[in-house]
Amino acid sequence: MHIRDILSGPGPKFSFEYFPPKSPEAAESLFRTITELQRCDPAFVSVTYGAGGTTRGATHGLVLRLLQETRVNAIPHLTCVGHTEAEISSLLESYAVAGVSNILALRGDPPKSGGGAKGDFPYAADLVGFIRRFSERHGHDFGIGVAGFPEGHPGTPNRMLEIDHLKAKVDAGADYICTQMFFHNGDFYDFRDRCELAGVRVPILAGIMPVTSLAGLNRMSELAAGARFPARLLRLLARANGDDAVVRRIGVHYATTQCADLLDHEVAGIHLYTLNQSSATVEIFHSLGLRSPEAAVS
Ligand code: FAD
């Protein structure tokens with residue numbers, strides 16, 4: 001089912017993000033996580049893709065396994081940096097044959113070494129247009145999501161230009177936006193308003209990642225370059241004095257209050273970055289009173 005159709009239904013939706021496991025043990029652990037989190041009844045789950053194709057087989061394998069063995073609506077991420085049209089076509093063909101309905105179309109980040117990043121797609125908008133044309137040619141209508149950056153993308157300091165680039169992705173055929181994680185809801189509301197003003201009128205899912213450790217916080221600041229950690233969050237975490245359990249409790253509580261506020265402000269959906277763990281997400285669901293994961297076992 002297309003995400004645009006899911007999002008057009010009543011009420012905000014939840015989705016979860018996973019990354020492909022690196023070993024058979026990690027795969028089994030991830031399947032336990034996915035099974036547990038299915039009790040929260042996500043609208044869909046998405047599986048990340050290593051830019052340049054580093055997890056090409058693993059992403060593809062996990063998405064197909066999810067489709068075959070579970071009732072999860074699984075969406076592959078697909079980055080175009082370093083890829084040729086032939087490579088992208090072959091992946092899309094395989095997803096179409098497997099019955100995958102949606103793709104999250106991204107550029108990805110070129111390798112820091114700078115080598116080997118050239119490909120047929122300079123930007124995600126080019127990939128979106130390619131997927132649309134592929135859909136028309138092959139009679140398989142992929143739904144397409146794209147990335148948005150409430151705190152701004154580091155590659156485009158000019159915020160007006162950045163929204164133009166986002167609009168280009170929607171004009172090329174994207175039907176929803178999923179945002180990078182953010183820690184200050186004001187950034188999301190401002191981003192949503194700027195999208196509206198620029199005529200970007202597709203549903204926007206808010207990306208939320210609970211801080212569960214100080215090491216994780218540092219990794220996030222590396223991965224989501226430019227991530228803005230508000231003083232309020234840092235002050236709360238400082239009070240934990242490095243106690244891992246307290247850091248985790250504060251991080252999950254902070255993410256829960258972010259989610260509650262987003263739900264109060266008519267968010268179209270919340271995309272939780274799970275880091276392949278279930279407990280923080282389950283706690284957030286409990287605290288929001290959305291659904292009792294234990295009671296919802298099917
Ligand atoms: P684009 O939309 O192409 O934008 C990249 C930069 O180029 C921006 O600064 C933009 O303003 C600028 N730009 C766009 N068009 C033009 C133009 N015509 N001229 C000049 N500048 C232009 N990365 C992964 O490797 N794997 C993943 O699975 C993955 N999943 C993600 C999921 C989400 C929800 C998000 C938010 C990010 C994800 N990323 C992933 C990270 C993403 O690939 C990087 O942040 C990347 O730098 C930007 O990707 P994009 O699709 O937004 O690119």
Side-chain angles (χ1 to χ4, degrees), residues 3 14-21 44-60 62-63 74-83 88 91 102-112 116-117 119-131 144-183 187-188 191 194-195 198 200 202-209 219-228 268-276:
I3 300 305
F14 278 84
S15 54
F16 302 148
E17 182 168 306
Y18 302 114
F19 56 84
F44 68 90
V45 307
S46 74
V47 180
T48 63
Y49 185 87
T54 50
T55 67
R56 181 183 172 141
T59 301
H60 181 265
L62 177 56
V63 168
I75 297 182
H77 295 203
L78 179 55
T79 66
C80 57
V81 67
H83 274 314
I88 296 288
L91 254 180
N102 302 275
I103 305 273
L104 185 69
L106 304 144
R107 184 197 65 178
D109 288 315
K112 289 206 171 81
D120 290 338
F121 305 90
Y123 298 107
D126 304 301
L127 177 61
V128 173
F130 186 80
I131 298 173
I144 306 174
V146 289
F149 296 82
E151 299 175 342
H153 186 270
T156 309
N158 180 335
R159 294 283 164 268
M160 307 286 270
L161 199 56
E162 192 193 12
I163 292 287
D164 290 346
H165 294 153
L166 179 61
K167 185 168 188 310
K169 296 195 272 194
V170 173
D171 290 347
D175 34 35
Y176 74 97
I177 294 166
C178 183
T179 79
Q180 183 60 283
M181 65 191 82
F182 59 88
F183 298 88
D187 287 330
F188 177 80
F191 172 74
R194 287 185 290 117
C195 285
V200 176
V202 292
I204 305 176
L205 305 182
I208 297 292
M209 184 188 272
R219 260 198 315 277
M220 280 180 219
S221 56
E222 272 292 314
L223 286 174
R228 208 164 72 80
I270 297 179
H271 184 72
L272 284 161
Y273 292 91
T274 69
L275 296 179
N276 289 7

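Atoms within a ligand are numbered from 1 in the order they appear, just like the ligands themselves.
When all heavy atoms are compared, the tightest approach of Ile88 to Cys80 is CD1-CA, 4.5 Å. Phe191 approaches Gly148 most closely through the heavy-atom pair CZ-CA, 3.9 Å. Considering every non-hydrogen atom in both Tyr18 and Asn276, the closest pair reads CA-OD1, 3.3 Å. For the pair Pro122 and Asp126, the tightest heavy-atom approach, listed with the atom from each and the gap, is CD-OD2, 3.2 Å. A pairwise comparison of heavy atoms in Val128 and Ala105 identifies CG2-CB, 3.9 Å as the closest pair. The shortest non-hydrogen separation linking Ala51 to Asp109 is CB-O, 3.7 Å.
Within ligand 1, the atoms closer than 4.0 Å to a non-hydrogen atom of Ala147 are 35 (C), 36 (C), 52 (O), numbered from 1 in the order shown. Those atoms of ligand 1 with a heavy atom of Lys169 less than 4.0 angstrom away are 2 (O), 50 (P), 51 (O), 52 (O). Residue contact check: His153 has heavy atoms under 4.0 Å from atoms 6 (C), 8 (C), 9 (O), 45 (O), 46 (C), 47 (O), 48 (C) of ligand 1. Proximity to Gln180 (heavy-atom distance under 4.0 Å) selects the following atoms of ligand 1: 36 (C). The ligand atoms of ligand 1 that sit less than 4.0 angstrom from a heavy atom of Ala51 are 25 (O).
A salt bridge links Arg159 with Glu162: the closest approach of a Lys/Arg side-chain nitrogen to an acidic carboxylate oxygen falls below 4.0 angstrom.
The nearest heavy-atom contact from the protein to atom 39 (N) of ligand 1 is Leu106 CD2, 4.2 Å. Scanning all protein heavy atoms for the shortest distance to atom 46 (C) of ligand 1 gives Asp109 OD1, 3.4 Å. With hydrogens left out, the protein atom closest to atom 12 (C) of ligand 1 is Thr156 OG1, 3.5 Å, a heavy atom. Protein heavy atom at the shortest distance from atom 30 (N) of ligand 1 is His77 ND1, 3.0 Å.
Polar contact with ligand 1: absent for Glu162 (N/O pair, distance under 3.5 Å). For ligand 1, none of its N or O atoms has an N or O atom of Ala125 under 3.5 Å away. Ligand 1 has no N or O atom lying under 3.5 Å from any N or O atom of Thr79, backbone or side chain. Annotation: Glu17 places no N or O atom under 3.5 Å from an N or O atom of ligand 1; distance criterion only. Ligand 1 has no nitrogen or oxygen under 3.5 angstrom from a nitrogen or oxygen of Thr48. Considering backbone and side-chain atoms together, Tyr273 places no N or O closer than 3.5 Å to any N or O of ligand 1. At a 3.5 angstrom cut-off on N or O pairs, Ala124 counts as close to ligand 1. Residue-to-ligand polar distances keep Thr179 apart from ligand 1: every N/O pair is separated by 3.5 Å or more.
For Phe121, the heavy-atom gap to ligand 1 stays at 4.0 angstrom or more. Note on ligand 1: Phe19 sits outside its first shell, no heavy atom being nearer than 4.0 Å. Heavy atoms of Cys178 come nearer than 4.0 angstrom to ligand 1 in at least one pair.
No side-chain donor-acceptor contact under 3.5 Å links Lys169 to the backbone of Leu127. One N or O on the side chain of Asp175 and one on the backbone of Ile144 form a donor-acceptor pair closer than 3.5 Å. No donor-acceptor pair closer than 3.5 Å links the side chain of Thr79 to the backbone N or O of Gly108.
Comparing Arg107, Arg159, Met181 by heavy-atom distance to atom 51 (O) of ligand 1, the nearest is Arg107. Evaluated by nearest non-hydrogen atom to atom 19 (N) of ligand 1, the leading choice among Tyr49, Tyr123, Phe182, Phe149 is Tyr123.
Using a 4.0 Å cut-off between heavy atoms, Leu104 contacts ligand 1 through its side chain alone, with no backbone atom that close. Contacts between His165 and ligand 1 below 4.0 angstrom, taking non-hydrogen atoms only, involve the side chain exclusively. For His271, no heavy-atom contact with ligand 1 is shorter than 4.0 Å.
With sequence neighbours excluded, the residues satisfying side-chain hydrogen bond (donor to acceptor under 3.5 Å, both in side chains) with His271 are Ser15, Glu17.
Protein non-hydrogen atoms do not reach within 4.0 Å of atom 4 (O) of ligand 1. Atom 35 (C) of ligand 1 lies below 4.0 Å from at least one non-hydrogen atom of the protein.
Looking at heavy atoms from C-beta onward, Ile75 lies in side-chain contact with Ile3 at the 4.5 angstrom threshold. The side-chain heavy atoms of Leu91 and Leu78, taken from C-beta on, include a pair separated by under 4.5 Å. At a threshold of 4.5 Å between non-hydrogen side-chain atoms, the residues Tyr49 and Arg56 count as touching.
Counting only N and O atoms by type, the side chains of Thr59 and His77 include no donor and acceptor under 3.5 Å apart.
In this pair, Phe182 and Phe188 present their aromatic rings parallel. The plane angle is below 30°, not in the 30 to 60° band.
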